[in-house]
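Only one structure is covered here, and it is reproduced in the block below.
For clarity, every value in this text was computed on a predicted model and none was experimentally measured. Read the numbers this way: they start at 1 and go in the same order the structure lists the ligands and their atoms.
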Amino acid sequence: MRASVYNCNVIEFKKIHNRAGNITSINGALEIPFDIQRVYYLYDVPGGEIRGGHAHYGLKQLIIAASGSFDVVIDDGHIKKTITLNRPNFGLYITPGIWRDLVNFSSGAVLLVLASNKYDEKDYIRDYQDFLEYTYG
Ligand code: TYD
């Protein structure tokens, strides 16, 4: 099945609130569509920088704005959608086969990623033409 931006959705997680602040927890595959094998985070992104610029063959990811805000542009080779993440209890699920650009980072933004697999450079598609060829075969 061809990847579609319509299968990438924003998931709201519970916020446990009290006067001293909030907690959000994500209970693995009970709350997201994969088992978490890796956690990583982007931070100290200089203003105006663009990250991402790739797709994955097999990796599933959930992207969260743990602090600050940024936009995620997702692209299935046919349709592009821009999703603004700016609340720590919301995450964007990205299926395999979706190109993503990460833009408009606020100062102090922390982009937290929960991923379905360990880091593997062979799982990346880093060239947009290669991505289109993979998508349209
Ligand atoms: P990349 O995934 O291209 O970053 P982004 O999508 O945020 O722009 O990774 C940047 C570099 O970091 C690249 O050389 C691979 C390395 N890296 C790891 O070694 N382990 C990881 O888990 C990740 C995500 C990246």
(request) Using the side-chain contact (heavy atoms from CB on, under 4.5 Å) rule, take Asn117 and Phe34 through it: C-alpha gap first, then chi angles, then the decisive distance, then the call. (result) CA-CA 10 Å; Asn117 275 303; Phe34 56 87; over 6 Å; no
(request) Look only at interatomic distance and state if Glu121 has a nitrogen or oxygen under 3.5 Å from any nitrogen or oxygen of ligand 1. (result) no
(message) Would Gly52 count as a polar contact of ligand 1, with the cut-off being nitrogen or oxygen pairs under 3.5 Å?
(response) yes
(request) Using heavy-atom distances, let me know which of Glu49, Arg51, His56 sits nearest atom 7 (O) of ligand 1. (result) Arg51
Look up [atom] and tell me if a protein heavy atom lies less than 4.0 Å from it?
| atom | result |
| --- | --- |
| atom 4 (O) of ligand 1 | yes |
| atom 11 (C) of ligand 1 | no |
| atom 14 (O) of ligand 1 | no |

(request) Select one of side chain, backbone, both or neither to describe which atoms of Val113 lie under 4.0 Å from any atom of ligand 1, heavy atoms only. (result) neither
(message) Whether the side chain of Asp123 engages the backbone of Gly58 through a donor-acceptor N/O pair (distance < 3.5 Å, no angle test) should be reported.
(response) yes
(message) Please determine whether any non-hydrogen atom of Arg38 lies less than 4.0 Å from an atom of ligand 1.
(response) yes
(message) Below 4.0 Å from ligand 1: does a non-hydrogen atom of Arg126 turn up there or not?
(response) yes
Which residue and non-hydrogen atom of the protein lie closest to [atom], and at what distance in Å?
| atom | value |
| --- | --- |
| atom 17 (N) of ligand 1 | Tyr119 CE1, 3.7 Å |
| atom 6 (O) of ligand 1 | His54 CE1, 2.8 Å |
| atom 2 (O) of ligand 1 | Tyr124 OH, 2.6 Å |

(request) State plainly whether one hydrophobic cluster holds both Ile64 and Val45, where clusters connect Ile, Leu, Val, Met, Phe, Trp and Tyr through side-chain heavy atoms under 4.5 angstrom apart. (result) no
(request) Check the hydrophobic clustering (I, L, V, M, F, W, Y; side-chain heavy atoms under 4.5 Å; chains of links allowed) and say if Leu59 and Val73 are grouped together. (result) no
(request) Answer yes or no: does atom OH of Tyr136 have more than 12 heavy-atom neighbours from other residues, nucleotides or ligands under 6.0 Å? (result) yes
(request) Could you tell me if the ring centre of Phe131 sits under 6.0 Å from that of Tyr128? (result) yes
(request) Report the distance from atom CD1 of Ile26 to atom NZ of Lys14, rounding to the nearest 0.5 Å. (result) 13.5 Å
(message) Using the rule given for side-chain contact (heavy atoms from CB on, under 4.5 Å), can you reason through Gln61 versus Tyr93, listing the C-alpha separation, both sets of side-chain angles and the distance that settles it, and then say yes or no?
(response) CA-CA 6 Å; Gln61 290 169 302; Tyr93 170 59; over 6 Å; no
